[in-house]
Amino acid sequence: MQSNPSTPLVSTGNIRRLTLMLSGEDALDAADFGDKPSKGLPHERYLLGELVPSAPILLLSQANISIDPNESIACLQPVHLHATRDHLILMGQNQIDLTEDESSKLLRSALPLIEEDFHHSVLFHNKQFWFLPAGPFTSLATYSVDQAHGRNIDWWMPRDSQEEGIAKRWRKLQNEIQMLWHIDPVNEAREQYGMPSINSIWISGIGKLSDVNPPEPLKQSTYCYSDHPLLAGLAKFLGISYSQNLLDENLAGAFVWSNQPELFWPKICASFTHHQIDELMLIDFPNGKLRERIFSVKDIYKKSWAFWKTKELLTWSEVVSR
């Protein structure tokens, strides 16, 4: 097994490689943050580059529209802020069960306020994402719902980066929308059914397509598998084939982003033993730091002095803990 956490491991020659990426979490050590959070989760920074322009890539994955590569795009999301005794916590999108109809109605009521402050019309929307040119909010430093959910939002609220007063302007718009939605029939109906109200709006991912800087292992892939729209957008951006579901075909040249790699491990082992792949590149982010490791077929078996016995495959937990 080869490992080099600082230098990217790229494919050479005719080696048939499968690349598997795992999601990463922020480092728990507060010293790694400094006076503000790192922009983007580790895998977001890896896939998109240090500017983490996720909004235009997410838009690319959701809509068949022409996007100006030099125009900054913002992503808005209707969210629920859960009140505790002394702070607010952002709930994840998978916890609020928002429907397409509810999202459209909430957008319709907030649209005049949004378009007035952004000076632009909404480019595309679905139940989870609303996209529009960032306009006067272009310089705002933001953090994704994936990064901020389940946490005290005080640390994750948008911040000024270049021009003073932009974050304050956003908070004003956010407060106006919160008051508007507080009395919206959508929330009245949701509360009757015991569902969390949609009581705020979140902004994130501001950036341009021209700022996207994908990693070499992704650019060298021939197709991608993941159920995350971020990888769908990147595949479209790079002109790489994409599927949400892992197909029963040769995995050589594939880039896979999986949240359940233990279910995928038997197929990887089969690809090795059937001589369909020569290498597995495993990308993960221990303590928030990039780590890339190369496994060959000899690395997937348990070590044993009993050479006369049938070799036993490593389990996924044994592989990832090495």
Side-chain angles (χ1 to χ4, degrees), residues 1-12 15-27 38-54 57-58 60-61 144 146-147 205 212-247 249-269 271-272 276-296 299-300 314 316-322:
M1 179 183 70
Q2 304 174 41
S3 177
N4 188 335
S6 59
T7 304
L9 300 169
V10 297
S11 179
T12 58
I15 294 174
R16 298 167 300 172
R17 177 180 291 175
L18 163 66
T19 302
L20 173 62
M21 189 191 79
L22 311 183
S23 297
E25 295 294 336
D26 290 316
S38 297
K39 189 174 183 180
L41 287 165
H43 59 269
E44 293 173 335
R45 295 194 298 273
Y46 175 75
L47 290 172
L48 297 167
E50 288 303 312
L51 295 178
V52 199
S54 59
I57 288 295
L58 288 170
L60 198 63
S61 75
S144 68
D146 285 350
Q147 185 174 16
V212 176
N213 185 25
E216 286 300 318
L218 178 57
K219 289 192 289 187
Q220 292 177 358
S221 299
T222 53
Y223 48 101
C224 302
Y225 294 118
S226 177
D227 60 0
H228 200 293
L230 199 61
L231 193 57
L234 281 166
K236 191 173 180 180
F237 177 71
L238 294 170
I240 299 172
S241 298
Y242 168 82
S243 175
Q244 286 191 9
N245 302 312
L246 194 61
L247 305 176
E249 59 184 46
N250 195 329
L251 295 178
F255 187 103
V256 180
W257 176 8
S258 175
N259 291 322
Q260 294 182 301
E262 65 280 2
L263 302 180
F264 184 43
W265 179 239
K267 185 166 182 61
I268 295 176
C269 292
S271 294
F272 268 124
Q276 293 175 341
I277 61 173
D278 303 310
E279 292 182 346
L280 165 69
M281 172 184 272
L282 179 60
I283 301 168
D284 60 357
F285 306 88
N287 299 315
K289 306 298 183 184
L290 170 65
R291 178 174 63 175
E292 297 174 315
R293 291 176 289 170
I294 297 293
F295 294 82
S296 63
D299 298 315
I300 69 172
L314 293 169
W316 170 251
S317 60
E318 289 170 332
V319 169
V320 78
S321 62
R322 293 180 72 176

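Shown here for Val52 and Lys39, the closest heavy-atom pair between the two residues is CG2-O, 3.3 Å. The two residues Gln147 and Ser38 come nearest to each other via the heavy atoms NE2-O, 2.9 Å. Residues Asn245 and Ser243 approach most closely at O-OG, 2.8 Å, considering heavy atoms. Lys236 and Leu60 make their closest contact through NZ-O, 3.1 Å (heavy atoms, listed as atom of the first residue, atom of the second, distance). Across every non-hydrogen atom of Ala235 and Ser241, the tightest pair is CB-O, 4.4 Å. The two residues Asp284 and Leu22 have their closest heavy-atom pair at CB-CD1, 4.0 Å.
For Ser317, the side chain to side chain donor-acceptor pair (under 3.5 Å) criterion is met by Thr315, not counting sequence neighbours. For Pro266, there are no side-chain contact (heavy atoms from CB on, under 4.5 Å) partners at least two apart in sequence or on another chain. Residues forming a side-chain contact (heavy atoms from CB on, under 4.5 Å) with Asp278 (at least two apart in sequence, or on another chain): Ile15, Arg16. In terms of the side-chain contact (heavy atoms from CB on, under 4.5 Å) criterion, residue partners of Gln244 (sequence neighbours excluded) are, by chain and number, Tyr242.
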List the steps, then state whether side chain to side chain contact (heavy atoms under 4.5 Å, CB included) holds for Phe264 with Leu251. CA-CA 11 Å; Phe264 184 43; Leu251 295 178; 3.7 Å; yes

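Interatomic distance, Ile240 CD1 to Leu218 CG, rounded to the nearest 0.5 Å: 5.0 Å. Distance check: Thr19 OG1 to Glu279 CD gives 9.5 Å after rounding to the nearest 0.5 Å. The CE atom of Met281 sits 8.0 Å away from the CD atom of Gln220 when rounded to the nearest 0.5 Å. The SG atom of Cys269 lies 8.0 Å from the CG atom of Leu314; values are rounded to the nearest 0.5 Å.
Of the listed residues (Ile294, Asp299, Leu18), just one forms a side chain to side chain contact (heavy atoms under 4.5 Å, CB included) with Leu280, and that residue is Leu18.
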Show me the donor-acceptor pairs, under 3.5 Å and distance only, between side chains in residues 252-259 and residues at least two apart or in other chains.
from, atom 1, to, atom 2, distance (Å)
Trp257, NE1, Ser23, OG, 2.9
Ser258, OG, Gln260, N, 3.1
Asn259, OD1, Ser23, OG, 2.9

Distance-only donor-acceptor pairs under 3.5 Å for side chains of residues 42-50, two or more places apart:
from, atom 1, to, atom 2, distance (Å)
His43, ND1, Gly24, N, 2.9
His43, ND1, Gly24, O, 3.4
Glu44, OE1, Leu41, N, 2.7
Glu44, OE2, Ser144, OG, 3.1
Arg45, NH1, Gly40, O, 2.4
Tyr46, OH, Glu292, OE2, 3.3

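Under the 4.5 Å side-chain criterion, counting only non-hydrogen atoms from C-beta, Val319 is not in contact with Ile300. For the pair Leu238 and Pro214, the minimum side-chain heavy-atom distance is below 4.5 Å. Annotation: side chain of Ile57 is not in contact with side chain of Ser54 (no heavy-atom distance under 4.5 Å). Leu234 places none of its side-chain heavy atoms less than 4.5 Å from the side chain of Cys224.
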